[in-house]
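All chains are named by letter (A, B, ...) in the order of the sequence lines, taking the proteins before the strands, and each is independently numbered beginning at 1. Basis for what follows: all heavy atoms, side chains included, without hydrogens, waters or symmetry-related copies.
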Amino acid sequence: MEPVRSQRKLIVNDVVSTLPLYRSAPALEVRLEEFELFALDRLRVLKGISDALSRGRKPEEMEKLAIDLWKTNMRHPQASEVINKDKISHFVLRLVYCRTEDLRKWFLSMETALFRYRFKREKQEAQRALMAEFDLPYKAVSSPEFESVKEKLVLVSRSLGQSSPTADDIFFKVPFEEVPELVAGRRVFISKGHAYIAMSQVVSLVATQFRSHLSKALILTNRKWTTTIAEQEKDRLTPIVEALSSSYLGPDYSQPKEFAQISLKDIDDVAKSSFPLCMRHLFEKLREDHHLKHGGRMQLGLFLKGVGLKLDDALAFWKAEFSRKVGAERFDKEYSYGIRHNYGREGKRTDYTPYSCQKIISSTPGVGDHHGCPYRNFSEENLRAALNKMGVTGRAVGDVMDKVRNRHYQLACTLTFEAVHGSSCDAGINHPNQYFSDSQKIMQSKNQSAA
Amino acid sequence: MTGDEVSKGSDDMMIDEYEQKQGNVVPDGFNSHYLKVYYGKLFPYADIFKWMSYGNDGKHPVCDQSYFSRREFSFTLDNEVYLRFQSFNSMSELENSVKEKCPVKIDIGPVYSVDPSKRHAYAQSGDNVFTPVERELIFDIDMSDYDDVRYCCSGADVCLECWPLMTIAVKVIDTSLRDDFGFSHILWVYSGRRGVHCWVCDGKARRLTNEQRAAIADYFRVYKGNENSHKKVSFTGLALHPFLARSYTEVLMDFFERKLLLSQEIFSTEERYEKILDMIPDPDQSITSELRGKWQEKRRTANSKDDINVVRWEQLKNMLQSGKHKVQGLRRCVEEIVFSFTYPRLDMEVSKHMNHLLKAPFCVHPKTGRVCVPIDPNRCEEFDPTAVPTLSNLLEQLNIGGLRAEVDNEWDRTSLGKSIRFFRSSFLQPLLKSCKEEMESSYNAKLQQSKNSFSW
């Protein structure tokens with residue numbers, strides 16, 4: 001990749017960035033304690049980022065938070081060792097997180113997020129040096145070409161509420177495939193398959209590269225791990241790696257735990273008392289319309305599975321509603337497959353896990369859909385009405401609305417939980433099934449103390 | 001179906017044909033006997049095979065002989081049995097299987113890494129050997145997703161009053177796929193009942209990852225409404241993105257003012273105009289109450305010559321654009337209203353994942369009996385869904401010519417002929433030409449590479 005209209009030359013060799021691309025494992029000797037300690041320090045950073053993201057923090061806040069986490073955890077008494085700690089910890093965690101699809105996915109998105117925040121903090125020269133290291137072969141936008149598309153670039157900036165580009169700003173022309181997130185947000189001008197990206201957007205291009213390299217590397221590492229390393233290292237590294245991987249991923253709620261079951265006759269009461277708004281809304285709509293579209297069936301269906309509704313009961317439950325609208329025969333033909341599928345009895349036979357808040361918040365319900373996060377998708381009016389119906393009134397409603405306006409949807413849900421149950425929820429709500437089980441715990445202790 | 005046929009006026013055509021074919025009338029409907037004849041005499045197997053082979057059925061050294069056989073087809077049978085992961089080694093295998101099973105619906109899925117009918121054999125080896133590797137970029141637009149902005153019909157019904165919504169979708173998406181994304185091999189197909197399908201077949205499009213597909217679908221996504229919020233379209237910037245600006249000035253505004261405003265009578269009743277007033281962010285209600293006041297009394301005094309919808313729309317525009325009201329968020333409000341009533345609404349999930357199935361062109365819709373014929377995007381305004389050939393039309397036309405000697409292309413003497421000729425000349429031939437060029441250049445690149453390595 002070359003810069004655009006440049007009287008300025010690309011300075012590659014003079015600038016040293018402290019941000020490694022982790023292309024190959026460092027040839028270093030590592031003490032066993034450091035192997036584990038470095039990895040734990042990095043894990044604290046990644047876990048911190050993961051928590052903040054799931055709480056719906058804004059991008060500006062995220063960057064500062066990530067850099068602070070990095071500075072706190074990734075220090076080393078010897079300045080010269082900082083970069084080695086960075087590399088070693090990364091490669092250790094690769095071993096830890098290469099071993100299942102879910103682990104890989106988590107590690108990949110957290111490492112990419114971290115890379116992104118760190119890249120943005122680099123000086124422009126260092127950023128260009130990193131781009132050169134990625135060996136991106138893209139054409140630059142020449143001065144006449146810039147003039148020919150300037151009007152469009154101005155429109156894009158204005159549509160994003162940013163100041164208009166000038167002749168001094170640098171643009172690169174890259175295939176649109178390389179910058180999916182900029183395309184998705186309509187943050188770039190695209191013409192004939194090429195996206196015109198500004199210098200400040202290069203982070204997106206580089207992060208996409210970083211992600212795809214790491215993704216491939218993780219698969220290779222997994223192969224190596226299963227074929228050789230795990231066996232060779234079974235007395236030394238393997239136990240450490242196994243302990244590390246289990247320490248930091250929250251429960252997935254795929255198997256109902258303490259309150260093993262709910263039965264069909266209780267389901268209406270339980271829905272009233274212990275379902276979070278997103279599920280309560282779906283549940284009520286289903287009772288009202290005797291139908292839910294696909295997104296709603298998935299979100300509610302998997303939640304109910306996590307809550308402990310057995311497959312047979314689930315089939316009976318859905319059938320009772322749907323058959324009133326589409327008839328029992330059509331239900332058996334068209335819908336029962338999906339429910340059995342959720343329980344791992346059809347198709348790939350995967351036992352699907354209930355959706356987390358993060359997944360629900362990021363879903364995009366369309367016409368006729370009722371799934372997604374109500375705090376995000378409801379109009380203010382509708383949300384107020386829904387909260388009142390749950391018994392949330394007065395100041396509590398205003399507090400929830402404040403969180404919603406600042407896009408802290410999970411905090412809004414947490415406040416709702418606290419208002420409904422009259423007790424605090426310090427951990428916050430991260431998962432609808434967690435809302436449910438926390439609620440049930442409170443209900444049970446109330447019942448016991450009443451009895 | 002191409003435009004000529006429609007422009008003749010479908011009514012006249014029907015009468016002409018009915019006079020000619022006394023005694024050949026085939027009752028409307030859809031049943032397995034009709035379908036057997038259709039699959040036996042009319043379905044264009046060779047064209048579907050040529051298309052799905054993308055040049056790999058030739059003799060060129062870089063041809064991938066397994067390409068077609070790794071494609072998933074899936075059949076829905078009459079008794080609603082659903083056969084997934086069917087695959088075929090040749091055109092005649094496909095043809096024989098379709099004729100034998102007589103599916104009411106044929107779906108086309110992705111090209112997999114291995115033959116999908118043998119996927120279980122690979123399942124043991126772990127490591128996801130069985131995975132989609134190529135798939136056209138597809139779009140599915142359904143009229144039932146527009147129920148909140150059409151008053152003529154709802155659900156699965158369509159008529160000529162609401163069909164312009166589909167015309168808009170074809171125009172907006174087709175232009176962007178070509179001009180913005182640089183694709184050129186694009187097939188639009190009538191879905192047989194209430195919408196349209198789009199197949200983008202460029203090599204580049206077939207190899208997109210799920211993430212890239214989702215990005216394109218999101219680029220097209222403007223409508224963020226769900227059942228629990230009023231405002232479905234919201235623009236907050238100082239300008240519209242160039243793609244939206246172009247769509248607005250070239251297509252949306254024109255269709256809104258020239259067609260939908262009148263045909264859907266968007267401002268005709270209180271209930272309808274209240275819905276639009278709801279979309280105006282107007283904290284002190286000054287604008288909305290002024291408009292409401294005008295509209296409530298104008299009822300009686302309005303000049304009968306001027307259409308009430310046009311009058312009210314002009315009043316609303318003047319009010320919002322006069323500059324008198326400096327309320328935050330009003331700037332884009334006219335655009336927001338037009339987008340809400342016209343902008344295409346895609347079924348996002350269909351486009352986002354490689355392994356989504358889509359009904360094959362030239363299938364017959366079991367509820368309407370209409371054939372899923374291609375639509376010419378350059379003349380999509382002329383397309384008339386109510387004039388698309390039905391199974392019984394086609395059988396009648398076959399009966400008329402029954403005495404003629406058997407010919408290769410029986411479809412040539414039915415009204416399906418135009419559609420198949422259009423499919424070939426406007427889509428298939430250019431596509432195969434560019435597949436061939438792509439193969440040549442990849443072959444040359446390989447040769448060059450090996451030459452370079454010799455020179456070492």
- Task: Check whether any side-chain heavy atom of B/P242 lies under 4.5 Å from a side-chain heavy atom of A/V156, and answer yes or no.
- Result: yes
- Message: Can you tell me which portion of B/E80 sits under 4.5 Å from chain A's heavy atoms? Options are side chain, backbone, both or neither.
- Response: side chain
- Item | Nearest-0.5 Å distance, OG of residue A/S191 to CG of residue B/D179 | 7.5 Å
- Item | Proximal component of B/L208, with respect to chain A [non-hydrogen, under 4.5 Å] | side chain
- Item | Other residues, nucleotides, ligands: >12 heavy atoms within 6.0 Å of A/H294 NE2 | no
- Kindly indicate whether the side chain of A/I190, heavy atoms from C-beta on, has any atom under 4.5 Å from the side chain of B/F243. no
- Task: Side chain from CB out, backbone as N, CA, C, O: work out which of these in B/Y146 comes under 4.5 Å of a heavy atom of chain A, or both, or neither.
- Result: neither
- Please examine the side chains of A/V183 and B/F181, heavy atoms only from C-beta on, and report whether any two atoms are closer than 4.5 Å. yes
- Query: Closest heavy-atom contact between B/A215 and A/P180?
  - Reply: CB-O, 3.2 Å
- Note on the structure: When the 4.5 angstrom heavy-atom criterion is applied to A/K152 and chain B, the contacting part is both
- Item | Under-4.0 Å salt bridge between B/K204 and A/E177 | yes
- Item | Side chain / backbone / both / neither for A/V154 at chain B, heavy atoms under 4.5 Å | neither
- Query: Quick one: what part of B/R345 sits under 4.5 Å from any heavy atom of chain A, side chain, backbone, both or neither?
  - Reply: side chain
- Task: Taking the side chain as every heavy atom from C-beta outward, state whether A/R186 and B/L244 have any pair of such atoms under 4.5 Å apart.
- Result: yes
- Message: Within the 4.5 Å heavy-atom criterion, are B/D180 and A/F176 side-chain neighbours or not?
- Response: no
- Validation row: A/L155, B/H241 side chains within 4.5 angstrom (heavy atoms): no
- Message: With rounding to the nearest 0.5 angstrom, report the OG to CE distance, A/S363 to B/M348.
- Response: 11.5 Å
